[in-house]
Structure formats: C-alpha cells, structure tokens
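These notes concern the structure reproduced below.
Everything numeric in this text was worked out from a predicted model, so none of it was measured. Numbers restart at 1 for each chain; the letters A, B, ... are given by sequence-line order, proteins then strands.
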Amino acid sequence: MPDRTRSESHSRKALRRLRRSELPGETVELARYLIGKTLGHDLAEGRVSGRIVETEAYPIGDAAAHAFRGETARNRSLFLEKGHCYVYFAYGSCWMMNVSSEEAGVGAGVLIRALEPIDGLEIMERNRGTSRRTDLTRGPGRLAEAMRINKSLDGLDLCSRQSPLWLAAPVQPTGDIGVTTRIGLSREAHRQLRFYERVNPFVSGPKSVLI
DNA sequence: AGTGCGATTGACT
DNA sequence: GTCAATCGCACTA
C-alpha cells in the first residue's frame with residue numbers, strides 16, 4: 001500500500017488525546033498501559049505518529065533508573081507529574097524518550113523503545129536517512145530520530161492541549177502483551193520490566209513469552 | 001580536572 | 001552473529 005493511502009486512512013480516524021487522569025499512577029502499570037497507544041509529534045511539515053509497541057519501566061527505587069540517585073539538572077523531568085516528557089542523550093549519539101510516571105517530586109519513568117509507524121512515513125524516512133520500514137522506529141534511538149524528538153522537547157507536558165508532542169488513544173486493537181527483562185542494563189538486570197506487543201515486527205529485541 | 005561508563009546503533013564477518 | 005564509535009554525565013580527588 002502506498003504511504004499516502006495508508007496515511008490518509010489513519011488520519012480520517014479521530015484521535016483522542018489521553019488525559020492525565022486516565023494514566024495509571026504507578027510506573028509499571030503505565031509501561032503496560034502505554035502499549036498500543038499512539039505517540040504523535042506535530043511538525044511544521046506535517047504529523048509523525050506511531051503505535052507504541054515496546055516500553056520499559058524504571059520504577060521508584062530501581063538502581064538502574066536515572067532518577068535513582070536523586071534529582072539533577074539532567075533528570076529533573078522524571079520528577080514532574082506523570083505524563084511529562086524526559087529526553088536524554090545516550091552513547092554520544094542517540095536521544096531517548098521517557099514518560100514521567102509518578103506524582104510530582106517522585107522520580108520514575110517509562111522508556112518508549114519502539115513504535116509502529118502510522119502517519120508521516122515520508123518525514124520519518126527523511127529524518128532517519130533510510131526507507132527501510134522496520135528500521136524507522138525500531139529501537140529508542142531510532143524512534144526519537146524518526147519522530148524528531150530531542151532535548152528541546154524535554155519537560156513537555158504530553159497531556160497538554162497545546163503540546164506538539166502528545167499521547168492518544170489506540171487507532172487499532174492492541175494485541176497480546178509479553179514481558180521480558182530490560183535491554184542493555186548491568187544493574188537490576190533480572191527484573192521483568194520490559195513490555196511489548198507479542199506479534200509485531202517493529203519490536204526491537206528478544207520476545208521471550210512470559211505472559 | 002580526570003576518569004569510567006552507559007536505558008544504542010550501524011557497520012561488518 | 002560480533003564490535004567499537006562517541007560524548008554527556010556523575011563520581012572521585
């Protein structure tokens with residue numbers, strides 16, 4: 001199916017932005033809840049959006065979490081009320097996006113690890129420098145580049161009406177959800193805090209089935 | 001001021 | 001499948 005047809009068919013569907021009150025108030029619950037929801041970014045040249053198909057929870061007290069050692073200039077967005085955006089730079093090359101997940105003053109978040117592209121595939125291809133569909137948004141660094149998410153969006157309220165970066169209700173039914181250990185960690189490596197849609201080619205890593 | 005280390009990716013065998 | 005580039009940040013002195 002040509003990109004334009006696919007894009008138009010999705011755009012016709014009314015998007016309902018998620019209200020803060022409907023987000024679960026606990027980090028692990030939010031990580032599971034976000035699977036199947038829509039993440040969008042309204043750019044000058046058009047909208048880019050995708051279905052969230054993979055997340056990781058970094059809950060309160062988790063030694064692998066950026067917030068574990070307390071609030072700093074870098075991680076302060078994790079301490080905003082649930083539904084705010086925390087963006088950080090990793091490995092000298094990648095931006096990654098989290099959704100803050102607890103009450104104000106408590107540091108925790110959910111890393112968005114992969115999307116299934118919905119709108120703006122041409123824009124994503126330009127942003128990523130590739131037209132290989134499965135490489136556009138599979139992985140936290142790749143999806144940030146495709147969606148043009150960077151430090152300038154750090155601290156944004158994803159539930160605000162005016163926000164260019166937003167969360168919305170699912171555009172199609174959500175499939176079965178699986179759980180595994182998180183990817184790329186040395187500490188707390190045993191914890192089962194990675195969630196993904198089980199049958200989806202845009203999921204970035206292993207798919208052990210534990211649920 | 002110096003050091004070590006990643007919540008990864010893309011290139012390559 | 002393996003592997004190293006890359007640089008901001010936190011930690012030590």
Side-chain angles (χ1 to χ4, degrees), chain A residues 26-35 39 50 52-80 82-102 106-117 124-156 158 165 167 177-197 201-208 210:
Chain A
E26 193 279 326
T27 305
V28 181
E29 287 177 33
L30 180 65
R32 181 188 296 270
Y33 171 86
L34 287 177
I35 300 295
L39 175 68
I52 297 172
V53 298
E54 184 183 351
T55 62
E56 282 179 357
Y58 289 86
I60 297 168
D62 171 22
H66 288 180
F68 182 65
R69 293 169 197 283
E71 186 171 347
T72 67
R74 174 211 200 188
N75 69 19
R76 73 188 138 71
S77 299
L78 283 174
F79 291 78
L80 298 173
K82 67 184 179 183
H84 286 76
C85 180
Y86 165 55
V87 181
Y88 76 98
F89 194 59
Y91 291 106
S93 57
C94 306
W95 296 101
M96 302 194 204
M97 180 198 156
N98 287 239
V99 179
S100 69
S101 53
E102 300 278 344
V106 178
V110 173
L111 172 70
I112 309 299
R113 283 197 59 91
L115 300 176
E116 175 180 343
M124 292 188 189
E125 288 172 5
R126 265 202 310 282
N127 290 344
R128 290 274 300 122
T130 178
S131 59
R132 182 131 188 257
R133 293 280 285 272
T134 52
D135 281 348
L136 288 179
T137 52
R138 182 169 51 86
R142 291 177 179 134
L143 81 85
E145 188 173 46
M147 299 280 289
R148 205 174 297 161
I149 291 169
N150 55 46
K151 194 69 177 174
S152 71
L153 304 178
D154 183 47
L156 224 65
L158 298 167
L165 189 67
L167 293 167
I177 296 173
V179 181
T180 68
T181 54
R182 295 172 293 183
I183 294 175
L185 302 186
S186 53
R187 300 196 304 208
E188 304 276 8
H190 64 285
R191 300 186 71 180
Q192 309 284 312
L193 293 174
R194 171 173 169 263
F195 300 91
Y196 61 97
E197 188 172 50
F202 296 94
V203 169
S204 77
K207 299 185 176 182
S208 3
L210 297 172

Provide, to the nearest angstrom, the distance between the [atom1] atom belonging to [X] and the [atom2] atom belonging to [N].
| X | N | atom1 | atom2 | result |
| --- | --- | --- | --- | --- |
| A/Arg69 | C/dA10 | CZ | P | 10 Å |
| A/Asp154 | C/dC9 | CG | C1' | 14 Å |
| A/Tyr88 | C/dA10 | OH | P | 13 Å |
| A/Glu188 | B/dA7 | CD | C1' | 13 Å |
| A/Arg142 | B/dA7 | CZ | P | 18 Å |
| A/Leu136 | B/dT9 | CG | P | 13 Å |
| A/Arg187 | B/dC5 | CZ | P | 12 Å |
| A/Lys151 | C/dC9 | NZ | C1' | 10 Å |

Is there a side-chain contact between A/Arg113 and the phosphate of B/dT8, meaning an N or O under 4.0 Å from OP1 or OP2? yes
Could I get a table of every N or O pair under 3.5 Å where one atom is in the protein and the other is in nucleotides 6-8 of chain C?
residue: C/dT6; atom: O2; partner: A/Tyr91; partner atom: O; Å: 2.6

Shortest non-hydrogen separation from A/Ser204 to A/Gly139 and the atoms involved: CB-N, 3.8 Å
Can a cation-pi geometry be assigned to A/Arg142 and A/Phe202, taking NZ or CZ under 6.0 Å from the six-membered ring centre and within 45° of the ring axis? no
Side chain of [X], heavy atoms from C-beta onward: which of [options] has the nearest atom to it?
| X | options | answer |
| --- | --- | --- |
| A/Ile183 | B/dG10, B/dA7, B/dT8 | B/dT8 |
| A/Ser186 | B/dG6, B/dG10, B/dT8 | B/dG6 |
| A/Met96 | B/dT9, B/dA7, C/dA10 | B/dA7 |

Between the main-chain N or O of A/His84 and the side-chain N or O of A/Ser100, is there a donor-acceptor pair closer than 3.5 Å? yes
Using side chain to side chain contact (heavy atoms under 4.5 Å, CB included), reason through A/Arg32 and A/Val179 one step at a time and then give a plain yes or no. CA-CA 9 Å; A/Arg32 181 188 296 270; A/Val179 181; 4.2 Å; yes
Of A/Glu197, A/Arg113, A/Glu116, the one forming a side chain to side chain contact (heavy atoms under 4.5 Å, CB included) with A/Glu54 is A/Arg113
Would you mind classifying the nucleic acid contact of A/Ala73 as base, sugar-phosphate or nothing, using non-hydrogen atoms under 4.0 angstrom? nothing
At 4.0 Å (heavy atoms only), tell me whether A/Arg132 reaches a base, stays on the sugar-phosphate, or touches nothing. nothing
Are more than 12 heavy atoms from other residues, nucleotides or ligands located less than 6.0 Å from atom CZ of A/Arg126? yes
Paired nucleotide for C/dT6 [Watson-Crick or G-U wobble; both distances under 3.5 Å]: none
Walk me through whether A/Leu34 and A/Phe195 qualify under side chain to side chain contact (heavy atoms under 4.5 Å, CB included). CA-CA 9 Å; A/Leu34 287 177; A/Phe195 300 91; over 6 Å; no
